[in-house]
Amino acid sequence: MQTNAPGRGKLKVTGIIYIIYGVLGLLGSLILLGGGGLLAASGNSAGAVLGVVAGTLGVINTISAVFYLILGILGVRNCDKPEKCGGCFVLGVIVLIFVLIGLVINVMSAGPVGALTSVVGLLLSIFYLMGAKENRDAWKSTHQ
């Protein structure tokens, strides 16, 4: 096992935050899916439409929450293992791209206030990616 892991702290802290975010996202998904089911079963057409919308958002939120859980678990599990940070780096790039897309959408729909809601996600993804890159670079420099 490699002990030279300069990005260890960044990966571990952001990984824990992503795990918490994923768990909270799954709880929110359960609420959306349950509420959507209740609305769909209400018997009127507006409730049915809103139920389908809530169910769809619940499924999308579930996929996002599971992705964040995987991202966080891999970050925490591999923070001391630079030889295994290639996957963390790839996932970090993917999450950064999605956060940037979300930032653009938020700015377009809500203006500068929308950008403020995405700043935390942007910083979190940057720190995760930096930690994974530092570990990956440390591994590459010792194994060339």
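These numbers come from the heavy atoms of this one structure, side chains and all, not from hydrogens, waters or symmetry mates.
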Kindly list each side-chain donor-acceptor pair under 3.5 angstrom involving residues 92-101, sequence neighbours excluded, with atom names and distances?
none

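- Partners of Lys84 under the salt bridge (charged side-chain N to carboxylate O under 4.0 Å, His left out) rule, at least two apart in sequence or in another chain, do not exist in this structure.
- Under the ring-ring contact (aromatic ring centres under 6.0 Å, His included) criterion, no residue pair touches residues 24-44, with sequence neighbours excluded.
- Taking the side chain to side chain contact (heavy atoms under 4.5 Å, CB included) definition, one finds that Val120 meets it with nothing, sequence neighbours left out.
- Here the straight-line distance linking atom OG1 of Thr14 with atom CG of Leu123 works out to 12.0 Å at 0.5 Å rounding.
- Summarising the hydrophobic clusters (Ile, Leu, Val, Met, Phe, Trp, Tyr; side-chain heavy atoms under 4.5 Å, direct or chained), the residues clustered with Met108 are Val104.
- The hydrophobic cluster analysis finds Ile31 isolated: no Ile, Leu, Val, Met, Phe, Trp or Tyr side chain comes under 4.5 Å of it, directly or through other members.
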What pairs of donor and acceptor atoms, side-chain ones from residues 70-78 against any protein atom, are under 3.5 angstrom apart with sequence neighbours left out?
from, atom 1, to, atom 2, distance (Å)
Asn78, ND2, Leu74, O, 3.4

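- Under the rule for a salt bridge (charged side-chain N to carboxylate O under 4.0 Å, His left out), the partners of Lys133 that lie at least two apart in sequence or sit in another chain are Asp137.
- Residue Leu33 is not grouped with residue Leu38 when hydrophobic side chains (ILVMFWY) are merged at heavy-atom distances under 4.5 angstrom, including chains of intermediate members.
- For Ser64, the side-chain hydrogen bond (donor to acceptor under 3.5 Å, both in side chains) test picks out no residue, with sequence neighbours left out.
- Rounding to the nearest 0.5 angstrom, the gap separating the CZ atom in Phe127 from the NZ atom in Lys10 is 7.5 Å.
- Each of Leu32 and Val52 belongs to its own hydrophobic cluster when Ile, Leu, Val, Met, Phe, Trp and Tyr are linked at side-chain heavy-atom distances under 4.5 angstrom.
- We find the CD-CG distance between Glu134 and Leu129 to be 10.0 Å, quoted to the nearest 0.5 Å.
- Here the OG1-CD distance, from Thr142 to Glu83, works out to 9.0 Å after rounding to the nearest 0.5 Å.
- For the atom pair SG of Cys79 and CG of Asn135, the computed distance is 8.0 Å after rounding to the nearest 0.5 Å.
- For residues 14-45, every residue pair satisfying the ring-ring contact (aromatic ring centres under 6.0 Å, His included) rule, not counting sequence neighbours, is listed here: Tyr18-Tyr68, Tyr18-Tyr128, Tyr21-Tyr68.
- Identified under the side chain to side chain donor-acceptor pair (under 3.5 Å) test for residues 35-52, with sequence neighbours left out: Ser42-Asn44.
- Thr56 is linked by a side-chain hydrogen bond (donor to acceptor under 3.5 Å, both in side chains) to nothing, counting only residues two or more places apart in sequence or in another chain.
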